[in-house]
Amino acid sequence: MGTEASQTIAAGQLRAFIERIERLEEEKKTVADDIKDVYAEAKGTGFDTKAIRTLIRLRKQDQAERDEAQTILDLYMAAMGMA
């Protein structure tokens with residue numbers, strides 16, 4: 001296979017990767033818009049969306065990570081005279 005053929009194949013692969021990424025980015029935008037709509041719906045129902053966002057973030061962590069974060073927060077709050 002010659003250099004020209006290799007470059008053609010590489011260009012085709014590159015184009016395929018870029019097009020896949022572009023499609024995924026569009027899907028990501030659609031999903032982000034859907035998530036935004038759910039938050040708006042929750043807010044319209046009377047839920048605190050800041051608290052919901054915090055719960056979602058915390059659910060991504062395991063118990064040890066949550067405990068460590070809480071310990072640090074407690075320490076910082078105590079240092080600021082807030083506890």
Side-chain angles (χ1 to χ4, degrees):
M1 188 181 300
T3 303
E4 189 174 312
S6 295
Q7 289 175 345
T8 302
I9 291 170
Q13 287 176 319
L14 177 60
R15 176 171 277 108
F17 284 132
I18 289 172
E19 289 172 354
R20 283 173 54 199
I21 291 168
E22 288 171 339
R23 279 192 303 274
L24 290 169
E25 288 289 343
E26 186 59 37
E27 290 176 25
K28 183 169 74 170
K29 183 188 178 309
T30 300
V31 170
D33 289 343
D34 290 347
I35 291 170
K36 183 178 175 183
D37 291 345
V38 173
Y39 278 114
E41 184 178 345
K43 185 175 184 176
T45 307
F47 288 98
D48 183 316
T49 56
K50 186 175 180 179
I52 291 172
R53 289 179 192 278
T54 300
L55 282 171
I56 290 170
R57 181 179 47 80
L58 290 171
R59 284 172 52 100
K60 291 178 183 177
Q61 299 174 344
D62 64 26
Q63 186 63 47
E65 289 173 313
R66 287 193 301 269
D67 290 345
E68 180 182 0
Q70 187 62 52
T71 299
I72 292 169
L73 180 60
D74 291 345
L75 177 65
Y76 286 7
M77 287 180 70
M80 297 298 298
M82 299 172 65

Among pairs that include at least one residue of residues 16-32, which meet salt bridge (charged side-chain N to carboxylate O under 4.0 Å, His left out), considering only residues two or more places apart or in two chains?
Glu25-Lys28, Lys29-Asp33
So does [X] have more than 12 non-hydrogen atoms from other groups sitting under 6.0 Å from [atom1]?
{"X": "Glu65", "atom1": "CD", "value": "yes"}
{"X": "Gln63", "atom1": "CD", "value": "yes"}
{"X": "Glu68", "atom1": "CD", "value": "no"}

Taking atom [atom1] of [X] and atom [atom2] of [Y], what is their separation to the nearest 0.5 Å?
{"X": "Tyr39", "Y": "Ile56", "atom1": "OH", "atom2": "CD1", "result": "3.0 Å"}
{"X": "Ile72", "Y": "Leu75", "atom1": "CD1", "atom2": "CG", "result": "8.0 Å"}
{"X": "Lys60", "Y": "Arg66", "atom1": "NZ", "atom2": "CZ", "result": "13.5 Å"}

Co-members of Leu24 in a cluster of I, L, V, M, F, W and Y side chains, linked at under 4.5 Å
none
With ILVMFWY side chains joined below 4.5 Å, transitively, what does Met77's cluster contain besides itself?
Leu73, Met80, Met82
Please determine whether residues Ile35 and Leu55 belong to a single hydrophobic cluster, defined as Ile, Leu, Val, Met, Phe, Trp and Tyr linked transitively by side-chain heavy-atom distances below 4.5 Å.
no
